[in-house]
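Reviewing the structure listed below.
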Amino acid sequence: MKAFEATKFFFDQAADQLDLNKNVRKLLLTPQREVQAQVAIEMDDGQLNTLVGYRVQHNNARGPYKGGLRYHPHVDLDEVRALASLMTWKTAVVNLPYGGAKGGIAIDPRQLSRRELEFITRKFVDQIHTFIGPDIDIPAPDMGTTAEVMAWIMNQYSKYHGFSPGVVTSKPVEHYGLPGREEATGRGVGLLTHKVTGRLGHKANETRVAIQGFGNVGTHAAKFLCQIGYKIVAISDHTLAVYNNDGIDVNEAMRHAYANDRMLKGFKGGDNITNEELLALDVDVLIPAAIGGVITEENVDSIKAKVIVEGANGPTFPLADVKLAERGTIVLPDILANAGGVSASYFEWVQNRQHYIWKMDRVRQELDSVMTKAFDEVWYHAQEHKVSLRIAAFMIAIERVKYATALVGIN
Ligand code: GLU
């Protein structure tokens, strides 16, 4: 199933609960604008390479478009469209004054030199700078992009429009960024894992967690959970998956990854397993925090975790999600679980406009408060309407976007 179809499936389930008519569904599902731009580059070896960059602006009824920019070989228009719509529901569920967008280019940043990466980024900004802006559409990192890429975007955009730190978020702290933004997505995932296991009456030190993905989200989620007493029994990335019944030494794993080009390969902190085995471990909590579409109809029956917290965007395919709901597995959906990143992006954006930067403690405090409020709302909504947390989150988000649209009309 293609990514946008999968997102539409969840949207429709919530829309059925809300009794939304077909015209409103179509309005809320159709992206407002899709930009496809040529990004041509002369590679280091002298070859000409013509790429296509995408920016899909899904909805701005509640505020400027907001969402990441993804550099990954699998990027295509359908995926960017799906991720853009997820951003609309994500910003609405945590109640930020933003809409939703996403961008992407089908490249593998690991295979490119720094010069090539910078050139592609700046060229893409040349092509889309009239479509983005601090009041229009504010990109941020996603898979394969970093704070440094954001600094290039800000710098290139500012050449056309003057000093504009608010055009992009998750910049380096030395360059108008926010302390605490980098850890925010993982921290939010950790915090909500703690909330949900608490609701189920589990104690932190008796809760075993497996995390797929040891990038920005996975590492910070692991660190946060470890610090409050959870046992991380398995971690993985695209180079290695390890299991340790006594708990992985997360700090050691992070040190190893930082020293090895961000890869776990060669880490000796447990027994080597496969990524499929990690997903099927008998743990209390499974956190898919890598790529999309990893929990499928084929492997869902092997999953034993009682709670799944979606650190990644779109890790669970619809039919697998239905099965998980039927057998009572609790799934904390991506649009809530990983919303800590965009929430901290919002703090950064507000402060860029005020030329005032908060200290880390304040960022954490405000982040925890935004995430906790959204979690409580979704949890009670799910109980009240007897639906899964995913459908509850979509219902709250759709209602908010629909209301904002109705307030101003479509003219
Ligand atoms: N790419 C992140 C996400 O999917 C962050 C988006 C942002 O900060 O705008 O939520």
Side-chain angles (χ1 to χ4, degrees), residues 1-18 20-36 53-70 72 74-104 131-132 136-140 142-143 185 291-293 310 312-318 321 331 333-339 341-343 345 374 378 388-405 410:
M1 184 182 272
K2 299 280 279 176
F4 190 73
E5 206 187 321
T7 310
K8 182 177 179 302
F9 179 92
F10 297 134
F11 173 93
D12 278 332
Q13 278 189 315
D16 290 346
Q17 290 286 330
L18 294 167
L20 228 61
N21 76 44
K22 74 173 194 327
N23 297 339
V24 175
R25 287 182 196 221
K26 189 165 180 192
L27 176 71
L28 297 184
L29 272 174
T30 311
Q32 291 175 341
R33 182 187 282 136
E34 300 187 342
V35 182
Q36 277 196 52
Y54 305 100
R55 185 76 185 166
V56 174
Q57 297 174 330
H58 174 256
N59 189 289
N60 67 351
R62 304 181 73 257
Y65 302 105
K66 184 84 189 85
L69 174 65
R70 178 174 286 202
H72 190 274
H74 294 161
V75 165
D76 62 16
L77 182 57
D78 180 83
E79 184 189 68
V80 178
R81 194 181 279 148
L83 294 166
S85 79
L86 282 179
M87 285 309 301
T88 300
W89 315 125
K90 190 183 300 186
T91 55
V93 88
V94 284
N95 219 351
L96 303 173
Y98 284 139
K102 201 76 159 203
F131 297 104
I132 60 173
I136 305 170
D137 179 358
I138 307 123
D142 198 82
M143 266 163 69
T185 315
I291 50 171
E310 295 185 336
N313 286 315
T316 313
F317 272 148
D321 194 64
V331 181
D334 47 6
I335 58 170
L336 172 64
N338 70 32
V342 72
S343 302
S345 276
V378 172
S388 69
L389 294 173
R390 189 189 311 279
I391 301 312
F394 266 87
M395 285 170 74
I396 292 173
I398 293 169
E399 278 285 24
R400 286 182 179 155
V401 177
K402 188 184 133 199
Y403 185 60
T405 308
I410 52 162

[X] vs [Y] side-chain heavy atoms within contact, under 4.5 Å:
{"X": "P315", "Y": "D334", "answer": "yes"}
{"X": "E79", "Y": "R70", "answer": "yes"}
{"X": "L18", "Y": "K402", "answer": "no"}
{"X": "D16", "Y": "R25", "answer": "yes"}

Using the test side-chain contact (heavy atoms from CB on, under 4.5 Å), find all partners of [X] that sit at least two apart in sequence or belong to another chain.
{"X": "T405", "result": "L27, L28, A61, V401, I410"}
{"X": "I136", "result": "none"}
{"X": "N21", "result": "N23, V24"}
{"X": "Q32", "result": "N59, N60, Y65"}

How far apart are the closest heavy atoms of [X] and [Y], and which atoms are they?
{"X": "I291", "Y": "A312", "result": "O-CB, 3.8 Å"}
{"X": "V93", "Y": "A397", "result": "N-CB, 4.2 Å"}
{"X": "P64", "Y": "P97", "result": "CD-O, 3.6 Å"}
{"X": "T185", "Y": "G341", "result": "OG1-CA, 3.1 Å"}
{"X": "A101", "Y": "M87", "result": "O-CG, 3.3 Å"}
{"X": "L336", "Y": "A374", "result": "CD1-CB, 3.7 Å"}

Gap between atom [atom2] of [Y] and atom [atom1] of [X] - 0.5 Å precision:
{"X": "L20", "Y": "K26", "atom1": "CG", "atom2": "NZ", "result": "14.5 Å"}
{"X": "F317", "Y": "E5", "atom1": "CZ", "atom2": "CD", "result": "10.0 Å"}
{"X": "E310", "Y": "D321", "atom1": "CD", "atom2": "CG", "result": "7.0 Å"}
{"X": "T91", "Y": "R62", "atom1": "OG1", "atom2": "CZ", "result": "6.0 Å"}
{"X": "M1", "Y": "T7", "atom1": "CE", "atom2": "OG1", "result": "10.0 Å"}
{"X": "F394", "Y": "L86", "atom1": "CZ", "atom2": "CG", "result": "5.5 Å"}

Test side chain to side chain donor-acceptor pair (under 3.5 Å) applied to [X] - qualifying residues, sequence neighbours left out:
{"X": "K8", "value": "D12"}
{"X": "S345", "value": "T169, R181"}
{"X": "K90", "value": "N313, N338"}
{"X": "T88", "value": "H58"}

Check: Just by distance, do the side chain of R81 and the backbone of F4 share a donor-acceptor pair under 3.5 Å?
Finding: no
Notebook entry, point to check: Sub-3.5 Å donor-acceptor pair from the side chain of Q57 to the main-chain atoms of F131, do we have one?
Noted result: yes
Which residues satisfy the salt bridge (charged side-chain N to carboxylate O under 4.0 Å, His left out) test with [X], sequence neighbours excluded?
{"X": "K102", "value": "D142"}
{"X": "D137", "value": "R55"}
{"X": "E399", "value": "none"}

Notebook entry, point to check: ring-ring contact (aromatic ring centres under 6.0 Å, His included) with F10: which residues, sequence neighbours excluded?
Noted result: none
Next item on the list: Could you walk me through whether S343 and L96 pass the side-chain contact (heavy atoms from CB on, under 4.5 Å) test, one step at a time?
Entry: CA-CA 7 Å; S343 302; L96 303 173; 4.1 Å; yes
